[in-house]
Amino acid sequence: MGLALLPVLYYVVTVLTYAYDFPYMDDYPTVVDFLNRLPTATTVGQKVGLLMEQNNFHRLVLVKLIAWLDVLLTGSVDFRLLQYVGLALLLLTAGLLWQSMTTPNPLLAKEGTSATLPNEAPSLTRRGLGVVFLPALFLLFQFQGWNIAFWGIVAVSNVGAPALALLAFWLANRQQPVWAIGVGLVALFTNGNGILVLPLLIGGWAMQGRWRWVLATLAVTLPALWFYFQHYENPAGPSLGTLLRPEKLMHLLALDTAFLGALVYHPAVAWLPIALGSSTLLWMIYLLLIRYDRTNPTLFWLLVFLHLSGLMLAVNRIQNDTSIVFASRYRNITALHIAATYLTVVQVLAQRRVRWQTAFVGLAVLGTSGLWGVSNWTYHSKIVRFRELKQTDNLLWQRYGQIRACAPQYQPASRLSELAQQGSFRPEMPSLTALQSQPIALTPATTPGDSLQYAVDLKRVDSGFLVVSGWAKVAGRKANFNDTYVGVQTSGGWQYYTTLFHQRLDNDDSANDKDTGFTAIIPLTGKMDAASLPLAIFVKSGRFSAFKVLKVDKDK
C-alpha cells in the first residue's frame, strides 16, 4: 500500500503546491471571454450558444460550466479549481482501472465463468494484485504530462474525456446502461475525442447482442451529434482525398504509432516510440481476435477509445513531423494507453497461466518506476517555471497592463481587466519583494561564434526596484527554457541577477521563441541612476551561451 501511495501522493502534493490562480494561453478565449460575455446573454439560447462556441477543434462546454458554477457559488473564478478538477478526474481514472481488474464481468458471471484475475491466477492473489497494479500508477502519476496538471482548460478537457469514457464503459459493464449513456453524453462536451464515447457504447452493446440498448443509445447519439456539429467549422485540415494518398497514409501511421508510444521518446532513438506504438496496435488486433471484449469489456473499449484518440490527433497533425505529437498536454492519453495495455497483458497471461507472468510483472514494476523517477526529476524544473510564468504574467498585468503568455489577437490584458472589474476574477497581488531577483556570482563566457538576440521592452523604476523585462536567446538556436541573467554595473564591478521566466507568445516567431522571456526585479541601492545604469544580458542554452552589454539610452 505504501508503494502504491508513493506516486499518487507525490503527484497530488506537487499539484497542490504549484497550482496558481491565473489563466494561460487558450484559457483566455475559452474561459475569460466566456465569463465576460455571459452577463449580456439574457436568454437560454444565448447562454447555450456561448457554451457551445468552438475553441479550435473542440467544444469545451464542461470547462465553461465549471468556471460558471465557480462564479455563481463564490463570486469569482479561481483557475486552480480547474486544475483540481483535472486531478480528481485522474484519481477517478486510477480507481476505475483498479475496479476493472478486481470486479468480475457480470455477463460471464451469469454463464458460470469468472474473469477475475485473482481467481484465474492463484499465484496473483488479491494482495499480489496491488503489486501488479503498481506499474499503472507509476505510468499515470508521472509528470511527462505536466501541462495537464497545471493548465486550466487542459486539466479538465484532456483528462476529462478519457476519464468519462472509462466511467461510461465501466458503467455499461456493470449493467448500468442509462448511467453509461448519460456519462457518454457529458463526455461529448469535454474534448474533441469525447465524440467517440457514445458510438463506442453502441459498438460494445452490438458485440454483446444487446440490441435494445443499441437502439436506445442510437436514439440519444444521433440528435446529440447533430446538435454538436451545428455550425461547426473545421479550423484546418487536409481533404479526405489527400489523406488517402499512400505517402500520407504511411505518415499518418507513423504519427499515430509515435503518439501511442510517446512516453519512451528520446531524440537519440526517435524510432523507439513508433516501435512501441506499433506493438500496442498489434496487441489490440490480438485482443480483438481472442474476443477480450468478453473477458474485460471495460479495458477493451477503453483501449479502442485511446487508439482512436491517437488517430484523431495524427489526422490533426498530418502536416507535421512525428515530434509534434509529443507535447506535454497529450501525454496523459499515451500514459493511460500504455497502462491499460499493460493491464490487459497481465490479465491475458493470467488466463493462459503463463509461468513467467510474475517475472513480467517484476520487470514492469522496475521499468515504470524508473520512468516515473526520471520523468519527475526531468520535468520538475518545467513545473516550477510554469508557475513562475503565471506569477510573472500576473505581475506584469497588475502593475504594467501587459500579458505575454497568450497570443495578442485575444487581447488578454484588456479581457482579463474587464473580468476583474466585474469582480469575477480576484487574483492575489504579486509582491516585488517576494519575486525580486537574487544576486549570483557569475562570469559570463560566450560560446565561440554565438551572439545574443534580444529585445528589452520594459525598463522602469518601481518601489525601489529596477524592473527589466524582455526576451533573449542565443541567435540561431531554438530556445527551450533558457537560463537568463541580467547584469548591473556598480562601483564594485558587474553584479548579475537571476530572472523570472515567462513565455513570449506575443512574439512574431512565438513557435520557436516562446520560451525566451525574462523579467528581472533588481533592488536599487544608493543613488543609482536607473535610466543610465549600464546593463548586460547573459543567456545559457544547453551547451551554448551568449552575452551582450546593452547600450544606454541617455534620453530615458
Side-chain angles (χ1 to χ4, degrees), residues 48 51-52 58-69 81-82 84-103 105-107 140 148 153-208 210 212-229 293 296-309 312 332-333 336-337 339-340 343:
V48 171
L51 285 169
M52 289 296 295
H58 315 287
R59 296 193 188 272
L60 305 180
V61 178
L62 183 61
V63 171
K64 297 176 184 177
L65 282 174
I66 294 172
W68 187 7
L69 183 62
L81 176 63
L82 301 178
Y84 298 152
V85 169
L87 174 62
L89 289 168
L90 189 61
L91 292 170
L92 173 65
T93 300
L96 290 172
L97 285 180
W98 171 265
Q99 288 294 321
S100 72
M101 295 293 287
T102 58
T103 309
N105 182 350
L107 293 178
L140 290 179
I148 65 166
I153 64 169
V154 170
V156 175
S157 59
N158 288 33
V159 183
L164 293 175
L166 177 57
L167 178 58
F169 302 143
W170 185 81
L171 288 169
N173 190 35
R174 300 272 72 75
Q175 305 297 296
Q176 299 289 334
V178 175
W179 284 104
I181 294 171
V183 171
L185 197 57
V186 175
L188 176 63
F189 300 101
T190 54
N191 208 30
N193 54 345
I195 66 173
L196 298 170
V197 180
L198 287 172
L200 290 180
L201 285 175
I202 294 172
W205 281 320
M207 291 183 68
Q208 295 173 359
R210 303 171 70 185
R212 174 188 171 191
W213 286 108
V214 167
L215 294 176
T217 312
L218 196 62
V220 174
T221 302
L222 291 178
L225 290 178
W226 176 85
F227 176 70
Y228 184 92
F229 285 106
D293 62 291
N296 194 331
T298 302
L299 284 184
F300 178 83
W301 289 106
L302 174 65
L303 280 179
V304 174
F305 170 83
L306 296 173
H307 275 277
L308 291 177
S309 296
M312 290 175 72
N332 68 302
I333 294 288
L336 180 56
H337 163 253
L343 292 176

### Query
Does Ala187 offer a backbone N or O that forms a donor-acceptor pair with the side chain of Thr190 under 3.5 Å?
yes

### Message
Using side-chain heavy atoms (C-beta onward) and a distance below 4.5 Å, is Trp301 in contact with Leu201?
### Response
no

### Residue pair Trp68 / Val63, side-chain heavy-atom distance below 4.5 Å
no

### Query
What is the ring orientation for Trp213 with Trp205, classed by angle as parallel under 30°, tilted 30 to 60°, or perpendicular over 60°?
tilted

### Query
Nearest 0.5 Å, what's the CD1-NE2 distance between Ile195 and His58?
10.5 Å

### Query
Any idea which heavy atoms bring Ile202 and Leu218 closest together, and the distance?
CD1-CD1, 3.7 Å

### Task
Sort out for me which residue in Leu89, Leu96, Leu92 forms a side-chain contact (heavy atoms from CB on, under 4.5 Å) with Leu166.
Leu96

### Point-to-point distance, once rounded to the nearest 0.5 Å, from CG of Leu185 to OG1 of Thr221
8.5 Å

### Task
Give the intermediate values and the outcome of side-chain contact (heavy atoms from CB on, under 4.5 Å) for residues Ile333 and Asn193.
CA-CA 11 Å; Ile333 294 288; Asn193 54 345; 4.0 Å; yes

### Query
At their closest point, which heavy atom of Ala180 faces which heavy atom of Ala168, and how far apart are they?
CB-O, 3.4 Å

### Query
Under 3.5 Å, is there a donor-acceptor pair linking the side chains of Gln208 and Arg210?
yes

### Task
Considering non-hydrogen atoms only, spot the tightest contact between Met312 and Leu196 and give its length.
SD-CD1, 3.7 Å

### Side-chain heavy atoms of Ile181 within contact of Leu171, under 4.5 Å
no

## Note on the structure
Heavy atoms of Ser157 and Asn191 approach each other most closely as O-CB, 3.6 Å

### Query
Got a sec, which residues hit side chain to side chain donor-acceptor pair (under 3.5 Å) with Thr298, two or more places apart in sequence or on another chain?
Asn173

#### Entry: Derivation of the side-chain contact (heavy atoms from CB on, under 4.5 Å) call for Leu336 and Leu302
CA-CA 9 Å; Leu336 180 56; Leu302 174 65; 4.3 Å; yes

### Query
What's the spacing between Leu91 CG and Leu140 CG if we round to 0.5 Å?
10.0 Å

### Message
Between Val154 and Leu82, is there a side-chain heavy-atom distance shorter than 4.5 Å?
### Response
no

### Query
Do side-chain atoms of His337 reach the backbone of Leu306 as a donor and acceptor pair under 3.5 angstrom?
no

### Summary
Between the OG1 atom in Thr93 and the CG atom in Asn332, the distance rounded to the nearest 0.5 Å is 8.5 Å

### Task
Would you give the length of the straight line joining atom CG of Leu62 to atom CG of Leu188, rounded to the nearest 0.5 angstrom?
11.5 Å

### Query
How are the rings of Phe189 and Tyr228 set relative to one another: parallel (under 30°), tilted (30 to 60°) or perpendicular (over 60°)?
tilted

### Task
Rounded to the nearest 0.5 Å, what's the gap from CG on Leu222 to OG1 on Thr217? Could you check?
10.5 Å

#### Entry: Criterion side-chain contact (heavy atoms from CB on, under 4.5 Å) on Leu65 and Val61, from CA distance to verdict
CA-CA 6 Å; Leu65 282 174; Val61 178; 3.9 Å; yes

### Query
Checking side-chain contact (heavy atoms from CB on, under 4.5 Å) for the pair Phe169/Asn296: CA distance, chi angles, key distance, verdict?
CA-CA 10 Å; Phe169 302 143; Asn296 194 331; over 6 Å; no

